[in-house]
Amino acid sequence: MTYISHLSCSRTGQRYPAGEIHNLSTAGAPLLVHYDLERARTELTKERIEAGPRSMWRYAPLLPLRDLRNVVSLGEGWTPLLAAPRLGAAIGCPNLAIKDEGANPTGTFKARGMAAAVSLGNELGISKFAAPSAGNAASALAAYAARAGLEAHIFMPRDVPRANYIECKMFGAHVTLVDGLISDCGRIVAERKDAEGWFDVSTLKEPYRIEGKKTMGLELAEQLGWRLPDAVFYPTGGGVGIIGMWKAFDELERLGWISSKRPKMIAVQAAGCAPIVKAYEEGAESSEFWQDASTVASGLRVPKALGDFLVLKAVRESGGTAVAVSDGELLEAGRILAEAEGLFAAPEAAACAAAARQLVAQGFLGKNDEVVIYSTGTGLKYLEAWATLFPPDPRPEERLGGLILPR
Ligand SMILES: *Cc1c(COP(=O)(O)O)cnc(C)c1O
């Protein structure tokens, strides 16, 4: 069973009932889901959670689904938290661990959010989902829609990583490639959704992807024995993960399962698209649209996030910071990460390794701080980006009787 009680506008606090289809609040802001944690505190136990399934649905009492028979699952969540001593030594931060979200279905943590949103839609009788996506959200939506036998309508920039396009086509989604940015794709979905009867699952335009991503924070606490590390590095695009994790920590404290200690939340962006970093440095409450956004870390290519004010608030309340790294730095850090730990991570995750090195060098983090990097996806989905590290051998091969021999 779920302890869901209601939803509220993240700006005005206006209440909305649970059990209905919702997108943005009437004020145009993301909605947040609330639970009756007073009651949960007296009824729900850590032991019960610990005895649950080895997926994010072990946290079902803190998720919005009313009937678990409506869950659409591919086994998402409960990803490994890996000690990373060799990478830690290389970047000056020995007490380092990596949460390997690349182990999720479709190879990224987007699976968590979409599993929650498609499950909720399924429960509420939705049959058509639509989303603009710079890549991995599309793959996850396409997979979960296919898993449920429902329709996915996807709008992606023409230059998305090839893997994302092929995945969506394999899952039978309706895919439109757009000459433009993710914001242009979003406009198309917004214009057409009413006439087409689509449930718009755009980042933060519906309340449930946050709930799915929240489980990253719940898991971190559980895997550390119901406590939190000193710092969390999170590659920030739309910011759903940071918002979700920050919410998770609050809910766990209100359940009495963790103390009030919070990790420093460190939002990592790419130098070619760093609106949150700029706003953080300027002391602004929200960000401005980033012109000519460009980075190989496609999940970070979000020029303006709807929930930017929530991300900035979490970063500041936690005593964290926001950091940008160049594509060159992040690709190099990704190679070091892979070689040191055997983990081939997405460029977004590699950006966190580069940022951690920077912050240790600057003394923002202590040498013995316990640090966790969210590796939000697998590197295998970005072969075009990684291939730039390995230019093809210019030497022509020799062909001899059908044998190809390197010279
Ligand atoms: C989408 C994505 C991000 C950014 O996630 P948000 O929670 O929206 O900030 C980071 N890394 C990868 C691999 C992604 O696909």
Side-chain angles (χ1 to χ4, degrees), residues 30 76 79 98-114 116-117 131-143 156-157 160-161 163-164 167-168 182 185-186 201-206 208-217 232-248 265-270 273-277 287 293 295-308 310-312 314-315 322 325 330 334 337 343-353 355 373-382 385-386:
E76 53 288 336
T79 56
I98 301 178
K99 181 88 170 132
D100 179 17
E101 291 293 302
N104 276 302
T106 69
T108 78
F109 74 130
K110 291 288 193 307
R112 296 180 188 260
M114 285 300 179
S133 168
N136 294 322
S139 304
L141 173 59
M156 25 171 60
V160 287
N164 295 118
E167 266 180 303
C168 291
I182 184 165
C185 300
V201 292
S202 298
T203 303
L204 293 175
K205 287 192 184 167
E206 58 71 50
Y208 307 114
R209 285 172 60 190
I210 296 179
E211 294 305 294
K213 286 195 176 177
K214 173 180 94 176
T215 61
M216 285 191 291
V232 164
F233 282 77
Y234 186 82
T236 306
V240 185
I242 285 202
I243 298 167
M245 277 194 270
W246 197 241
K247 187 171 187 287
M265 301 300 284
I266 297 161
V268 180
Q269 298 202 297
C273 182
I276 304 261
V277 176
S287 66
T295 169
V296 295
S298 51
L300 307 185
R301 210 160 52 202
V302 182
K304 166 75 186 171
L306 202 53
D308 53 2
L310 297 170
V311 175
L312 287 159
V315 166
V325 299
L330 69 85
L337 193 169
L343 187 82
F344 185 17
E348 293 85 344
C352 291
I373 285 177
Y374 275 80
S375 177
T376 45
T378 170
L380 286 171
K381 298 187 81 165
Y382 297 80
W386 297 116

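Residue indices begin at 1 and follow the sequence shown. Atoms within each ligand, like the ligands themselves, are counted from 1 in listed order.
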For this session: Determine whether the side chains of Thr108 and Asn136 contain a donor N or O and an acceptor N or O closer than 3.5 Å.
Result: no
For this session: Working to the nearest 0.5 Å, report the span between CZ of Arg112 and CD of Glu211.
Result: 13.5 Å
Seminar exercise, completed: Counting only non-hydrogen atoms and a 4.0 Å cut-off, the residues near ligand 1 are Phe109, Lys110, Asn136, Lys213, Tyr234, Pro235, Thr236, Gly237, Gly238, Gly239, Val240, Gly241, Gly299, Glu348, Thr376, Tyr382
Exercise. Nearest heavy-atom pair of Ala350 and Leu330: which atoms, and what distance?
Worked result: CB-O, 3.1 Å
For this session: Could you pull out all residues at least two apart from Ile182 that satisfy side chain to side chain contact (heavy atoms under 4.5 Å, CB included)?
Result: Pro132, Ala134, Pro303
Seminar exercise, completed: d(Met156 CE, Ser298 OG) to nearest 0.5 Å is 9.5 Å
Problem set entry | Asp100 and Thr79 side chains, donor-acceptor separation under 3.5 Å | no
